[in-house]
Amino acid sequence: MAKITASVFTSHVPAIGAAIDLGKTTEPYWQPLFKGYEWSKQWLKDNPPDVVILVFNDHATAFSLDMIPTFAIGTAEAYQPADEGWGPRPVPVVQGHAELAAHIAHSVIQQDFDLTIVNKMDVDHGLTVPLSLMCGQPEAWPCPVIPFAVNVVQYPVPSGQRCFNLGKAIRKAVESYDENLNVQIWGTGGMSHQLQGPRAGLINPVFDNAFLDQLISDPAALAAKPHIDYVREAGSEGIELVMWLIARGAMSDVAYDAADLDAAKAHSVKVKHRFYHVPASNTAVGHLILENS
Amino acid sequence: MAKITASVFTSHVPAIGAAIDLGKTTEPYWQPLFKGYEWSKQWLKDNPPDVVILVFNDHATAFSLDMIPTFAIGTAEAYQPADEGWGPRPVPVVQGHAELAAHIAHSVIQQDFDLTIVNKMDVDHGLTVPLSLMCGQPEAWPCPVIPFAVNVVQYPVPSGQRCFNLGKAIRKAVESYDENLNVQIWGTGGMSHQLQGPRAGLINPVFDNAFLDQLISDPAALAAKPHIDYVREAGSEGIELVMWLIARGAMSDVAYDAADLDAAKAHSVKVKHRFYHVPASNTAVGHLILENS
Amino acid sequence: MPGTIIFDAEQSRKGYHLNQFCMSLMKAENRERFKADEMAYLNEWPMTQEQKNAVLARDLNRCMATGGNIYFLAKIGATDGKSFQQMAGSMTGMTEDEYRAMMLAGGRSVEGNRFVGEDGDAQAQHQPQGQSSQKGKR
Amino acid sequence: MPGTIIFDAEQSRKGYHLNQFCMSLMKAENRERFKADEMAYLNEWPMTQEQKNAVLARDLNRCMATGGNIYFLAKIGATDGKSFQQMAGSMTGMTEDEYRAMMLAGGRSVEGNRFVGEDGDAQAQHQPQGQSSQKGKR
Ligand SMILES: [Fe+3]
Ligand SMILES: [Fe+3]
């Protein structure tokens, strides 16, 4: 059966993509940030997944105001890097995993998550920057990717609790897939940042680090955090952090339901890597790698 | 506050729209069918709603295979009748109710239904034929309509139980809207029909009438019916009937949750009208009007 | 179930371009272009040859077997000025009159047509239905 | 919260055409057309005059007040070759250098900026921020 072996969490700032694409990673401004991902790139080489489920949000790229899906799963064969206005990033086409994606869609919808199924989508920096951070600049991405898009642009956005429960449902879906696949789930976006108005530039390292602590040790409690706390403490775009709860909810130490509590207790997650840096453009950058025991 | 006062259930066969548009309603083939809606047209005039929430499915019109939302709510100001290949139906533009729709979207998403919000959509026979059946051929439709689209085209489609629970959530949402509005909810599609393959033309009046009986008297039990039963007994397109459970779940005799059981028991629904006819084109036509006590 | 295809993600993948071609026929100008030169129009779409042939032959059963969905395929029928009843009937082997008469008489019975291998009129051993099959047998 | 607009259905309705105009700038040919004659391009969209003026002036705060969302508005900045940092900074009244220096020093503090009426630098009584405001005060 397929299995989720690890989760990766990272911010997905567009300027990071630009720094990579323009060869600026060793400049003094950027060098400390990329240093924080060196270990991670080696780890990914040493622990190559068969598929990555990449949770991200679209930034008014694939989804206009005409249709705003709360949750959307990509079941296409491939996804083109989007032109967000600066021209498309010079990165490889993202290959999908249509079969596993369709299986997950089927299973998760039957678990009462009302997904939108997407067969054509250009992917923006929300998806490609995490790939660049973790893989560098390869000719082709090392494995197929299933894009999983979450609406965090127009309110109401899904609650932390809903996201956390969705993660559980995704794990159940993956574990019911017949083929032996090593699956990773990545949660992206955040950490604290605000891109609008007189409060633009807000950064809250106390909040961010407490979020990382709790994401590791007590994600079920973290899932109860209301939206207003994210926006107030981590800036209007800090709300992206709810997406990290999807990836965290898919780890095997999280009980699927009350009946599953003992099984979940038998598992634990190992923190393989943790990194925090301010700033990247307007944003605090957080990064975490967790492995299932 | 706004209140759901009644629910209307009806098939939405394209040929019915064509019969109306081409002035064939008094022909021998069509006359018995339209006779069954005469009472309903008068009832609607006597009980004019301020808004209709119209649950229907898109038939590969507004939604291609590029994006397939499980549940989509229309929050636009207006919706154009679609060109499904025969040219657009000569019927009025459908005016939306953007404010109530946005309120419902907000409330229902917070109740853990992962809606897709739609601001631009042409509406096909699934939405316009019920309006024609209930309103005839007016210059303008008598009230604003909130389109609520359900995926019953590509599997997995939502379960009957999920649809029934969604109806409950919609009622809760409507009742939390400040303005005094008389709201009706219409469930459309079905009844038994199959449009494909050597089994095309399947009609099952025994199933259909048992469905109507149970929809009235025990919808909670009906909600447990699995998809396979619909497809086997009512034909591959009979699955559209799950949408009727959304409208039924929004009636006030249905308990929102265990705590709400007594309140629900204090309410009842009155069957105002019931009609069944075979055939309209490939389809058995069912029709029901229920009022909240 | 006999004579029934469930349109799921796998069918959807198989039929993606066929179905998207069908949706393009919702624009009047595309219907005109298609009618003017069907093959040329079809060649603009990355469909399989089998799918194109099925469209050209208006063989809806073949279209469905190669991933088509009836709500999409209906756009071809609409372009031809056909009704849903004509389209559905065309998949049974019955003539238009036969199919219409069956519907007027209450439609196809579910008896014998619930499971593959029963003896209803939708079962494989009774295909094609209607006069065409009777002619074949004689 | 001070200096913060929540983009909800109401904002979305208000800003629908403004935001859809922004998305049109994701096509290179539209960016060229917009740059060649901004007013003519804007007039193709049913936006309010206030929205058009805000776009012409690149006043992102005004754009947001009239229903714009920053992820959509970013396409205007991209068309101008601006980074997200330049766009965000432009809404504070700070110069580019000032804003960049603030970010390098750890960003804007949340202290005093959690609730309207506190005394943080994002509060109304401290607008606009940076040198421009200081010049104004002298
Ligand atoms: Fe983001
Ligand atoms: Fe239908």
Side-chain angles (χ1 to χ4, degrees), chain A residues 13-15 18-19 28-29 57-66 68 82-88 122 124-126 152-157 192-207 227-229 231-239 278-284, chain D residues 1-9 11-13 15-16 19-20 22-23 25-28 31 60-61 64 69-79 81 83-85 87-94 99 102-104 106-110 113-115 120-124 126-129:
Chain A
V13 186
Y29 183 95
N57 66 295
D58 179 77
H59 303 77
T61 302
F63 306 140
S64 76
L65 292 182
D66 285 348
I68 307 160
D83 179 349
E84 299 178 57
W86 294 275
D122 287 354
D124 71 13
H125 70 270
V152 292
V153 171
Q154 180 179 318
Y155 282 78
V157 309
S192 58
H193 65 306
Q194 173 148 344
L195 302 176
Q196 56 149 312
R199 209 167 81 127
L202 187 112
I203 297 286
N204 189 341
V206 174
F207 174 94
H227 289 152
I228 184 73
D229 290 9
V231 178
R232 200 187 301 291
E233 296 291 330
S236 50
E237 279 68 43
I239 189 67
V278 175
S281 183
N282 306 285
T283 307
Chain D
M1 275 146 283
T4 305
I5 293 172
I6 298 297
F7 188 73
D8 59 9
Q11 287 295 109
S12 174
R13 199 154 60 240
Y16 178 76
N19 288 316
Q20 298 296 82
C22 291
M23 278 199 84
L25 299 177
M26 291 173 63
K27 292 213 177 99
R31 293 195 289 271
L60 295 187
N61 280 325
M64 294 211 49
N69 171 281
I70 185 58
Y71 290 128
F72 291 80
L73 299 172
K75 276 66 176 172
I76 305 174
T79 301
S83 71
F84 253 108
Q85 186 167 70
M87 290 185 246
S90 82
M91 285 181 268
T92 63
M94 298 165 96
Y99 185 82
M102 176 180 79
M103 294 316 299
L104 269 172
R108 182 186 310 283
S109 171
V110 73
N113 287 326
R114 289 188 173 89
F115 299 90
D121 53 6
Q123 301 283 340
H126 296 302
Q127 301 313 313
Q129 303 156 40

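Quick note: numbers below take in every heavy atom, side chains included, and nothing from hydrogens, waters or symmetry partners. Letters A, B, ... mirror the listed sequences (proteins, then strands); counts begin at 1. Nothing here was measured: the structure is a model prediction, and the numbers come from that model.
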A.B. asks: Can you name the closest pair of heavy atoms from D/Gly107 and A/Ile203 and give their distance?
C.D. replies: CA-CG1, 3.8 Å

A.B. asks: Output the option from D/Gly81, D/Cys22, D/Ala122, D/Gly77 having the highest count of non-hydrogen pairs under 4.5 Å with chain A.
C.D. replies: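 Answer, by heavy-atom pair count under 4.5 Å with chain A: D/Ala122.
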
A.B. asks: Examine the side chains of D/Tyr99 and A/Asn282 and answer whether a donor and an acceptor come within less than 3.5 Å of each other.
C.D. replies: yes

A.B. asks: With a 4.5 angstrom heavy-atom cut-off, could you sort out which part of A/Tyr29 is near chain D: side chain, backbone, both or neither?
C.D. replies: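 Interface part for A/Tyr29: side chain.
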
A.B. asks: Is it the side chain or the backbone of A/Val231 that comes within 4.5 Å of chain D heavy atoms, both, or neither?
C.D. replies: both

A.B. asks: Specify which of A/Glu233, A/Glu84, A/Glu237 makes the most heavy-atom pairs with chain D at under 4.5 Å.
C.D. replies: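 The candidate making the most pairs under 4.5 Å is A/Glu233.
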
A.B. asks: Chain D heavy atoms under 4.5 Å from A/Thr61: which part of the residue, side chain, backbone, both or neither?
C.D. replies: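 Both parts, backbone and side chain.
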
A.B. asks: Given that the side chain runs from C-beta out, which part of D/Met26 has a heavy atom under 4.5 Å from chain A: side chain, backbone, both or neither?
C.D. replies: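 For D/Met26, heavy atoms of backbone and side chain both lie under 4.5 Å from chain A.
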
A.B. asks: At their closest point, which heavy atom of D/Gln20 faces which heavy atom of A/Asp66, and how far apart are they?
C.D. replies: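 Reported closest heavy-atom pair: NE2-OD1, 3.0 Å.
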
A.B. asks: How close do D/Arg114 and A/Arg232 get, heavy atom to heavy atom, and via which atoms?
C.D. replies: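 Minimum heavy-atom contact is O-NH1, 3.0 Å.
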
A.B. asks: Measure across D/Val110 and A/Arg199 and return the closest heavy-atom pair with its distance rounded to 0.1 Å.
C.D. replies: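 Heavy atoms of D/Val110 and A/Arg199 come nearest at CG2-NH1, 4.4 Å.
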
A.B. asks: What part of D/Leu104 is in contact with chain A, defined as an atom under 4.5 angstrom from a non-hydrogen atom: side chain, backbone, both or neither?
C.D. replies: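 Answer is both: backbone and side chain atoms of D/Leu104 are under 4.5 Å from chain A.
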
A.B. asks: Relative to chain A, which segment of D/Met64 carries a heavy atom at a distance below 4.5 Å: side chain, backbone, both, or neither?
C.D. replies: side chain

A.B. asks: Heavy-atom cut-off 4.5 Å, strictly under: side chain, backbone, both or neither for D/Arg31 against chain A?
C.D. replies: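 Side chain only.
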
A.B. asks: Give, as side chain, backbone, both or neither, the part of D/Asn113 having an atom under 4.5 angstrom from any heavy atom of chain A.
C.D. replies: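 Both parts, backbone and side chain.
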
A.B. asks: Sort D/Ile5 into side chain, backbone, both or neither according to what part of it lies under 4.5 angstrom from a heavy atom of chain A.
C.D. replies: both

